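Step one of this worksheet: look at the structure below.
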Amino acid sequence: MKILVTGGLGFIGSHTVVELQNEGFEVVIIDNLSNSSEEVLVGIEAITGKKPIFEKLDLREKPKVQEFFKKYQDIEGVIHFAASKAVGESVEKPLLYYENNLGVLVYILQELSKKNKASFIFSSSCTVYGQADKMPITEDAPVKPAESPYGNTKQVGEEIIRDTCKVNQQLSAIALRYFNPIGSHPSVEIGELPIGVPQNLVPFITQTGVGLREQLSVFGDDYPTEDGTCVRDYIHVVDVAKAHVVALQRLLNKKNETNYEVFNLGTGKGSSVLEVIQSFERVSGKKLNYKIVDKRPGDVIEAYADTRKANKALGWKAESALDDSMRSAWNWEQKIRS
Ligand code: WQD
């Protein structure tokens, strides 16, 4: 069975392609290489023994999208990762984000609406909850006004899919709300490749550990949490990837309860910034150079998932603990800098 993975050369996309191929799916990747490299195909092949079909294409070109779906009429499902993801950049360039993250989504859904049957998985984010009132966060927690155009594209993206599914019963979709994916494939053949200075905590830590950065700035230590630093739910990227496969199988086997569903993807465990640093120090045996600085505007105090809905409906559970995820992130960082 043929599955399209947009953004399949990116961080979460590439790990998902591996899991799909391991499960016997035939994968077609679309990627415009704006934040990834064709080299990732080599890593995917090294792990799975199979090279996925790759089409270099910019999904903003609607006629190209239409041509693609004419060429690959046998595509039965789409996992849609292709999107821009830098919160700060989205504030500077809102229209770029609305075009990349929403315009493209509309084009793909238009094509899928022409089919007799289609399955669609969307990369959403825990950012839709903002600062939730209760921890852990359940899927029925209210969606809060977005802090950035990026966050808004995830909220509106979900609404676009929900509304489309309402009038297209032949289309089934699942939105997966990721918490904080980290780590790399245990083979160390693929992993995260941030461009420039990483904005996310774990790549910044591993780059500091390897000597590429001088010092980690910890954004604030007087939050109302146990040690004063922010709390997040860090989940191994391979666990995230596996969840996509079971979500897709749920749609293909028609086990879904309605034709639009939402699931949290997290471990259910919150970790503070200082706990993440301690994890790094444990698995690497190195002391991390860090200092406490001012809070970063827009950061929520804490966010960790109630994972029961995904555990029950998808029969899926995150398997890796923080140290496992951190170890794989560290192994990857050492490999790419050696
Ligand atoms: C984690 C913690 C920082 C960097 C991510 C995505 C965002 C959104 C939600 C994605 C926070 C602290 C970080 C550093 C630090 N959605 N930190 N020093 O904030 O949860 O946001 O998930 O789809 O796009 O980026 O993750 O990794 O940026 O930060 O102290 O140099 O680490 O304050 O508490 P976050 P993060």
Side-chain angles (χ1 to χ4, degrees), residues 7 10-13 35 80-91 97 100-101 122-132 135 137 143-144 146-158 175-183 192 194-209 212-235 237 240 262 264-267 269-280 288-305 322 325-326 329:
F11 175 41
I12 307 174
N35 195 14
H80 180 44
F81 292 103
S84 300
K85 62 173 183 180
V87 176
E89 186 189 41
S90 81
V91 176
Y97 275 66
N100 282 350
N101 296 9
F122 180 62
S123 300
S124 189
S125 165
C126 67
T127 193
V128 301
Y129 299 118
Q131 180 57 68
M135 292 296 135
I137 306 173
V143 165
K144 297 264 175 84
E147 288 271 348
S148 68
Y150 164 78
N152 204 29
T153 66
K154 293 299 170 190
Q155 295 191 5
V156 178
E158 287 192 6
L176 297 173
R177 291 175 175 165
Y178 311 153
F179 280 69
N180 293 61
I182 62 164
E192 191 167 7
I195 292 178
V197 182
Q199 306 300 307
N200 296 114
L201 179 62
V202 171
F204 203 104
I205 288 178
T206 55
Q207 287 196 5
T208 306
L212 210 61
R213 311 272 157 218
E214 177 68 30
Q215 186 176 54
L216 169 77
S217 296
V218 172
F219 299 136
D221 71 346
D222 58 353
Y223 282 100
T225 59
E226 208 140 293
D227 64 23
T229 63
C230 293
V231 168
R232 297 287 185 274
D233 186 340
Y234 298 91
I235 176 169
V237 65
V240 173
V262 174
N264 285 340
L265 294 188
T267 65
K269 187 182 180 313
S271 304
S272 72
V273 176
L274 294 181
E275 285 172 332
V276 175
I277 294 172
Q278 286 156 11
S279 169
F280 171 79
L288 189 80
N289 182 20
Y290 71 89
K291 67 162 189 269
I292 310 289
V293 303
D294 287 348
K295 288 176 178 159
R296 180 170 73 175
D299 266 341
V300 298
I301 303 163
E302 57 178 354
Y304 54 94
L322 179 59
S325 309
M326 182 60 82

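Sequential numbering from 1 along the given sequence is applied to the chain's residues. Atoms within a ligand are numbered from 1 in the order they appear, just like the ligands themselves. What you see is a predicted model; the values in this text were computed from it and never measured.
- Counting heavy atoms under 4.0 Å from ligand 1, residue Lys154 does not touch it at all.
- When non-hydrogen atoms are compared, ligand 1 lies under 4.0 Å from the side chain of Tyr234 (C-beta onward) but not from its backbone.
- Looking from atom 25 (O) of ligand 1 to the surrounding protein, the closest heavy atom is Asn200 ND2, 2.8 Å.
- In the vicinity of Val218, heavy-atom distances shorter than 4.0 Å reach the ligand 1 atoms 30 (O).
- If you number the atoms of ligand 1 from 1 as listed, the ones under 4.0 Å from a heavy atom of Ser217 come out as 14 (C), 15 (C), 18 (N), 30 (O), 31 (O).
- Judged purely by atom type and a 3.5 angstrom limit, Ser279 has no side-chain atom pairing as donor or acceptor with the backbone of Glu275.
- At distances below 3.5 Å, at least one donor-acceptor pair connects side-chain atoms of Tyr97 with backbone N or O atoms of Ala86.
- Polar contact with ligand 1: absent for Thr127 (N/O pair, distance under 3.5 Å).
- The closest donor-acceptor contact from the side chain of Ser123 to the backbone of His80 lies under 3.5 Å.
- With a 4.5 Å cut-off on side-chain heavy atoms, Val240 and Pro181 count as touching.
- No donor-acceptor pair closer than 3.5 Å links the side chain of Asn100 to the backbone N or O of Ser84.
- Listed by number with element, the atoms of ligand 1 under 4.0 Å from a non-hydrogen atom of Gln199 are 4 (C), 28 (O).
- Counting heavy atoms under 4.0 Å from ligand 1, residue Val273 touches it through the side chain alone.
- Nearest non-hydrogen protein atom to atom 15 (C) of ligand 1 is Phe219 CD1, 3.3 Å.
- For Tyr178, no heavy-atom contact with ligand 1 is shorter than 4.0 Å.
- Contact analysis leaves Tyr223 out of contact with ligand 1, as no non-hydrogen atom separation drops below 4.0 angstrom.
- For a threshold of 3.5 Å applied to N or O pairs, the pair formed by Leu216 and ligand 1 contains no separation below that value.
- Within a 6.0 Å sphere centred on CD of Glu147, heavy atoms belonging to other residues, nucleotides or ligands number 12 at most.
- Using a distance-only test at 3.5 Å, with no hydrogens or angles considered, a donor-acceptor pair links the side chain of Gln199 to the main chain of Val197.
- Every atom of ligand 1 with a heavy atom of Cys230 under 4.0 Å away is listed here by number and element: 34 (O).
- For Phe179, the heavy-atom gap to ligand 1 stays at 4.0 angstrom or more.
- Using a 4.5 Å heavy-atom cutoff, the side chains of Tyr304 and Lys269 are not in contact.
- Between Lys295 and Tyr223, the closest side-chain pair of non-hydrogen atoms falls below 4.5 Å.
- For atom 11 (C) of ligand 1, the closest non-hydrogen atom on the protein side is Arg232 NH2, 3.8 Å.
- Of all the heavy atoms of Pro198, none lies under 4.0 Å from any atom of ligand 1, so neither backbone nor side chain is involved.
- The protein heavy atom nearest to atom 16 (N) of ligand 1 is Ser125 OG, 3.1 Å.
- For atom 23 (O) of ligand 1, the nearest protein heavy atom (residue, atom name, distance) is Tyr150 OH, 2.4 Å.
- Heavy-atom contacts of Asp299 reach the following atoms of ligand 1: 3 (C), 19 (O), 33 (O) (cutoff under 4.0 Å).
- A distance-only check finds no donor-acceptor pair linking the side chain of Asp227 to the backbone of Ser272 [under 3.5 Å].
- Side chain of Asp221 to main chain of Gly228: no donor-acceptor pair is present (N/O by atom type, distance under 3.5 Å, no hydrogens or angles).
- For ligand 1, the atoms closer than 4.0 angstrom to any heavy atom of Val87 are 7 (C), 24 (O).
- Residue contacts with ligand 1 for Asn180 involve side-chain atoms from C-beta outward but no N, CA, C or O (heavy atoms, distance under 4.0 Å).
- Atom CD1 of Ile277 and atom OG1 of Thr229 lie 7.5 Å apart (nearest 0.5 Å).
- When only non-hydrogen protein atoms are considered, atom 19 (O) of ligand 1 lies nearest to Arg296 NH2, 2.9 Å.
- For the pair Gln215 and Tyr290, the tightest heavy-atom approach, listed with the atom from each and the gap, is CG-CA, 3.8 Å.
- Closest to atom 32 (O) of ligand 1 by heavy atom, among Val276, Thr208, Leu201, Val197, is Leu201.
- Considering only heavy atoms from C-beta on, Phe179 stays 4.5 Å or farther from Arg232 through its side chain.
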